[in-house]
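This report refers to the structure that appears directly beneath it.
We count residues from 1, following the sequence as given.
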Amino acid sequence: MENTKLILSRRLIIRKFEKADLEKNMEFIEDPKFFYFTNTETKEELIEKTAKYYKEKEDYKFWHIVKKGMNDSIGVVKAFDKNEGVGLFIIINKSLRNRGYGREALEAVIDYFFTLGEKKEIYLKAEKNNGAFKSLIENLNFKKYDEDTKYSYYKMDNLDYMKYFAIFGEI
């Protein structure tokens with residue numbers, strides 16, 4: 001699976017990082033969870049590292065979420081292979097949360113992996129104290145399958161996706 005495809009939604013473009021992104025306000029880099037899943041601390045390091053990964057790894061799924069038209073940075077999505085499916089991490093810029101961008105980006109990426117990526121399951125984890133994200137995950141019909149002291153773990157299989165699509169017309 002090549003990571004040069006665009007994932008489009010109503011208001012967003014989910015695409016690979018580019019050198020021009022260095023000029024953008026990528027406030028998600030300051031989120032502690034961002035370092036956890038990328039091991040980068042600066043914009044320059046992020047662009048350099050992702051460019052290297054795009055070139056060397058065909059299956060590296062790391063996208064920049066930008067607003068259509070304005071091309072403003074909204075956040076980041078990282079996908080990784082897990083079992084017969086894919087795990088997702090998503091971070092939306094703190095100043096842009098509670099505007100539906102997280103849901104819209106997640107819906108677009110879920111649709112991408114179930115339709116074009118032909119994955120059987122999608123996995124997410126949410127910190128137990130992140131009520132907004134847990135609510136979003138549950139509203140998208142993810143099922144909790146495990147938890148530990150810090151996280152709740154969720155998954156959606158392609159049958160759940162088809163049921164949700166049949167009921168609501170779109171995810």
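- Here the straight-line distance linking atom CD1 of Ile65 with atom CD1 of Ile13 works out to 12.0 Å at 0.5 Å rounding.
- Distance check: His64 NE2 to Lys16 NZ gives 14.0 Å after rounding to the nearest 0.5 Å.
- For the pair Arg97 (side chain) and Ile92 (backbone), a donor-acceptor distance under 3.5 Å is present.
- Proximity of Phe133 to Leu106: side-chain heavy atoms (C-beta onward) are separated by under 4.5 Å at one or more points.
- What you find for Ile7 and Tyr112 is that their closest heavy atoms are CD1-CG, 3.7 Å.
- The two atoms that bring Ala108 and Leu8 nearest to each other are CB-O, 4.3 Å, heavy atoms only.
- With hydrogens and angles disregarded, a donor-acceptor distance shorter than 3.5 Å links the side chain of Glu104 to the backbone of Arg11.
- For the pair Leu136 and Gly102, the tightest heavy-atom approach, listed with the atom from each and the gap, is CD2-C, 4.2 Å.
- Nearest heavy-atom pair across Ala105 and Ile90 is CB-CD1, 3.9 Å.
- Rounding to the nearest 0.5 Å places OG of Ser152 at 11.5 Å from CG of Leu124.
- Cation-pi geometry between Lys155 and Tyr123 is not met at under 6.0 angstrom from the ring centre and within 45 degrees of the axis.
- In terms of modelled atom types and a separation under 3.5 Å, the side chain of Asn93 and the main chain of Ser95 share no donor-acceptor contact.
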Check the pair Leu12, Ile74 against side-chain contact (heavy atoms from CB on, under 4.5 Å), reporting the backbone distance first and the verdict last.
CA-CA 9 Å; Leu12 304 174; Ile74 301 291; 4.0 Å; yes
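- Salt-bridge annotation for Lys134 and Glu138: absent, with no side-chain N of the basic residue lying under 4.0 Å from a carboxylate O of the acidic one.
- Counting non-hydrogen atoms of other residues, nucleotides and ligands closer than 6.0 Å to CG of Asp148 gives a total above 12.
- Residues Thr149 and Lys128 approach most closely at O-CD, 3.8 Å, considering heavy atoms.
- In the hydrophobic clustering of ILVMFWY residues, with side-chain heavy atoms under 4.5 Å counting as a link, Val66 and Leu6 come out together.
- Separating the CD1 atom in Ile122 from the CZ atom in Phe113 is a distance of 7.0 Å, to the nearest 0.5 Å.
- Rounding to the nearest 0.5 Å places NZ of Lys125 at 9.5 Å from OH of Tyr145.
- Not a single ring pair (Phe, Tyr, Trp, His ring centres under 6.0 Å) links Tyr153 to another residue, sequence neighbours left out.
- Both the sub-6.0 Å distance and the 45° axial angle are not jointly satisfied by Lys78 relative to the ring of Phe89.
- Contact between Phe80 and Leu88 at its shortest, heavy atoms only, is CE2-N, 3.9 Å.
- Side-chain contact between Leu140 and Arg103: present, with at least one pair of heavy atoms (C-beta onward) separated by less than 4.5 Å.
- Applying the salt bridge (Lys or Arg N to Asp or Glu O under 4.0 Å) test to pairs two or more places apart or on separate chains, none has a residue in residues 65-77.
- Tyr154 meets the ring pair (Phe, Tyr, Trp, His ring centres under 6.0 Å) test with no other residue; sequence neighbours excluded.
- A donor-acceptor pair under 3.5 Å is formed between the side chain of Thr115 and the backbone N or O of Asp111.
- Of the charged side-chain nitrogens involved, none lies within less than 4.0 Å of a carboxylate oxygen, so that Lys119 and Glu84 do not count as a salt-bridged pair.
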